[in-house]
2 protein chains.
Amino acid sequence: MPAPQPYDQAAEQEWLASYDPHAYTPVAVTVDVVALTLRQGSLHVLLVERAAPPYQGYWALPGGFLRAGQEGLAEAAARELAEETGLLGTADAEAALSRVHLEQLGSYGAPERDPRMHVVSVAYLAFAPDLPDPQAGTDAAAAAWHPVSSLDLRPAAGQRPAGAPDETHGGGFDGHAGGEVPPGSDGTAPPEPARPRTALAFDHATILADGLDRARAKIEYSPLATAFLRHDFTIPELRAVYEAVWDEKLHPGNFHRKVLSVPGFVESTGTTAERGGSRGGPRARNYRSGDAALLHPALLRPAHEDEIR
Amino acid sequence: MPAPQPYDQAAEQEWLASYDPHAYTPVAVTVDVVALTLRQGSLHVLLVERAAPPYQGYWALPGGFLRAGQEGLAEAAARELAEETGLLGTADAEAALSRVHLEQLGSYGAPERDPRMHVVSVAYLAFAPDLPDPQAGTDAAAAAWHPVSSLDLRPAAGQRPAGAPDETHGGGFDGHAGGEVPPGSDGTAPPEPARPRTALAFDHATILADGLDRARAKIEYSPLATAFLRHDFTIPELRAVYEAVWDEKLHPGNFHRKVLSVPGFVESTGTTAERGGSRGGPRARNYRSGDAALLHPALLRPAHEDEIR
DNA sequence: TTAATAGTGTCTATCAGACACTATGGG
DNA sequence: CCCATAGTGTCTGATAGACACTATTAA
């Protein structure tokens with residue numbers, strides 16, 4: 001096959017011009033991270049408080065500009081995650097970061113999603129074991145883990161006008177928005193006293209909702225639920241991950257048998273947990289993540305008829 | 001909730017500067033489309049021949065620059081698909097385009113993926129019914145549907161250097177690259193006379209491979225296989241779609257029963273096809289796409305043990 | 001007439017989920 | 001002691017896939 005032509009500036013100018021003169025209008029590229037972890041048994045997301053306008057004082061996903069010519073998208077996401085949260089420096093924190101799973105979630109590029117200029121944001125999704133409290137980066141007023149249930153996941157007003165929604169169904173298998181029904185209210189529970197939910201900056205509520213959908217689907221087919229746990233874990237701890245992410249109670253006995261029946265999902269360490277359950281019971285056996293990259297058969301979520309169409 | 005602050009140029013400068021001075025280095029954003037269709041029973045992808053360096057004379061995915069401030073990502077993808085292929089203008093072609101399914105595939109942003117500058121490409125995946133032969137746009141020497149099996153899906157040399165691969169597993173459930181085993185050779189078939197496969201420009205082989213993986217996974221859980229067919233279709237025609245995309249022979253009887261057992265997948269039109277099979281047989285009944293957005297239960301691919309891990 | 005094909009019936013192995021049961025250990 | 005919990009056994013209904021069979025139509 002012929003070798004690619006070397007760089008030719010004149011040809012580039014001609015090529016660019018032949019496309020569209022507007023190609024020279026600047027577009028900014030940022031990388032945002034939906035970092036999920038489990039704290040006290042519930043799903044939390046890492047947020048930073050914006051120190052400058054627009055959306056000053058709002059909480060937002062950690063992120064920042066792609067360093068042009070210097071890094072790829074996944075590299076930028078890993079850098080932002082480490083940098084914006086202060087989860088860097090100590091050997092302990094770096095070891096924790098090395099266990100974080102990072103995958104691309106999708107890109108968001110509606111022209112009006114940032115009031116200053118057209119910004120295309122490439123979102124990444126991270127699964128992390130329980131991490132220490134973060135330190136705010138230089139550009140953020142604060143950084144903290146927020147319970148997902150405390151956030152308003154409806155698209156912010158003014159975002160995603162009709163006619164220009166970005167398709168981001170990639171990998172998501174249910175069409176529901178994830179934020180339309182607040183986690184914790186499943187229709188049968190008594191109506192909670194309406195506690196105000198925190199609104200997010202830009203279209204980050206939409207990105208977070210997409211990330212949650214992805215996470216819920218991902219742990220069905222991949223062993224990534226173990227990414228929320230430390231090296232050794234018990235089956236009940238793994239079940240707690242599924243219950244937190246899906247917001248569903250699972251049958252302990254059936255879950256146990258199903259996990260062990262999937263080849264390569266977990267492997268026994270031969271040890272047992274130090275203590276039994278919080279309210280008594282036998283000590284559970286310890287397991288570590290197996291070598292399977294995909295679960296077969298999958299651990300499917302309980303079907304809800306109203307989510308099919 | 002407080003209203004967003006109005007535009008404030010001074011604050012923006014400060015905000016940008018606080019991130020990183022390199023943020024001002026330009027990054028270009030393009031949108032590329034993996035458009036798949038069925039022709040003569042096999043899967044084809046739309047490609048354009050590059051008229052200018054780099055990769056002059058190579059075939060590439062149709063795409064182009066995002067029009068900053070004017071359009072969202074999905075809009076740009078739809079525009080490129082229409083524009084670069086001449087599939088616009090006639091009422092017939094526009095009707096065909098309106099039936100095309102478009103979804104975001106992923107973004108590719110390794111610094112060296114384009115030799116001229118750092119280009120972040122947002123890839124879209126399109127499923128289309130059999131479309132007419134395309135017309136090349138102004139910037140392409142030619143445009144044509146290529147059989148997927150005639151293409152070299154291995155990453156091009158020099159692309160994706162170790163250490164900076166972009167994670168694009170989103171929605172893909174099998175970890176295999178899709179191009180490592182050429183479609184049509186399943187290990188049992190006799191070795192074909194090695195016909196040279198067409199190499200693609202940039203990292204488009206990787207993008208195409210990811211798109212094929214996504215397509216193969218997507219038709220398991222969604223009724224999108226019908227997007228490859230015209231309004232009315234028969235179950236054997238639908239089966240041909242699955243067989244082409246998965247490159248697997250399926251059991252006609254079991255497939256028929258399974259499709260009809262999934263609520264909302266297809267609904268009967270009451271009519272029957274004009275002709276029987278190409279080599280005889282009864283006339284099949286016609287169906288149209290149902291109202292389900294997700295297939296439950298799913299039409300899972302036949303399991304191959306070697307793809308699990 | 002022949003052979004390929006549409007569509008249905010039936011059997012079996014597997015799996016998801018419900019339920020029951022025991023054994024263990026914290027409060 | 002009490003009771004929540006870990007883990008196992010067993011049953012039932014749904015499903016995937018193999019195979020058999022008929023009815024229909026192009027060549």
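Letters go in sequence order (proteins before strands), and every chain restarts at 1.
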Measure the distance from [atom1] on [X] to [atom2] on [N] and round it to the nearest whole Å.
| X | N | atom1 | atom2 | result |
| --- | --- | --- | --- | --- |
| A/His296 | D/dA16 | NE2 | P | 12 Å |
| A/Lys249 | C/dG17 | NZ | C1' | 18 Å |
| B/Asn254 | C/dT12 | CG | P | 16 Å |
| A/Glu220 | C/dA16 | CD | P | 12 Å |
| B/Phe255 | C/dT5 | CZ | P | 16 Å |
| A/Arg301 | C/dA16 | CZ | P | 15 Å |
| B/Lys258 | D/dA14 | NZ | P | 17 Å |
| B/Leu300 | C/dA16 | CG | C1' | 14 Å |

* Check: A/Phe233 ring centre within less than 6.0 Å of A/Tyr287 ring centre -> no
Using a cut-off of strictly less than 4.0 Å, decide whether [X] has a side-chain nitrogen or oxygen near OP1 or OP2 of [N].
| X | N | answer |
| --- | --- | --- |
| A/Arg283 | C/dA23 | no |
| A/Arg239 | D/dT5 | no |
| A/His256 | D/dA6 | no |

* With sugar-phosphate meaning primed atoms plus P, OP1 and OP2, does A/Pro236 contact a base, only sugar-phosphate, or nothing at under 4.0 Å between heavy atoms? ->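 Sugar-phosphate contact only - A/Pro236 comes under 4.0 Å of backbone atoms but never of a base.
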* Between D/dG17, C/dT8, D/dG7, which one does the side chain of A/Arg285 approach most closely? -> D/dG7
* **Nearest-nucleotide pick for A/Pro282, side chain only, options being C/dT24, C/dA16, D/dG7** =>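 Out of C/dT24, C/dA16, D/dG7, the nucleotide with an atom closest to A/Pro282's side chain is C/dT24.
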* Structure fact -> Rounded to the nearest 0.5 Å, the CG atom of B/Asp152 sits from the OG1 atom of B/Thr198 at a distance of 8.5 Å
* Asked: To the nearest 0.5 Å, how far apart are CG in B/Leu46 and CG in B/Asp133?
  ->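 Output value for this atom pair is 10.0 Å.
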* Structure fact -> 5'-most contact on DNA chain D (nearest-nucleotide basis), B/Ala298 vs B/His251, goes to B/Ala298
* Give me the ring orientation class for B/His101 and B/Phe127: parallel if the planes are under 30° apart, tilted from 30 to 60°, perpendicular past 60°. => tilted
* Look at the side chain of A/Glu103 and the backbone N and O of A/Ala126, then say whether any donor-acceptor pair between them is shorter than 3.5 Å. => no
* Asked: For B/Glu237 and B/Arg257, take the nucleotide of DNA chain C holding the closest heavy atom to each; which residue's nucleotide lies nearer the 5' end?
  ->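 Nearer the 5' end of the strand: B/Glu237.
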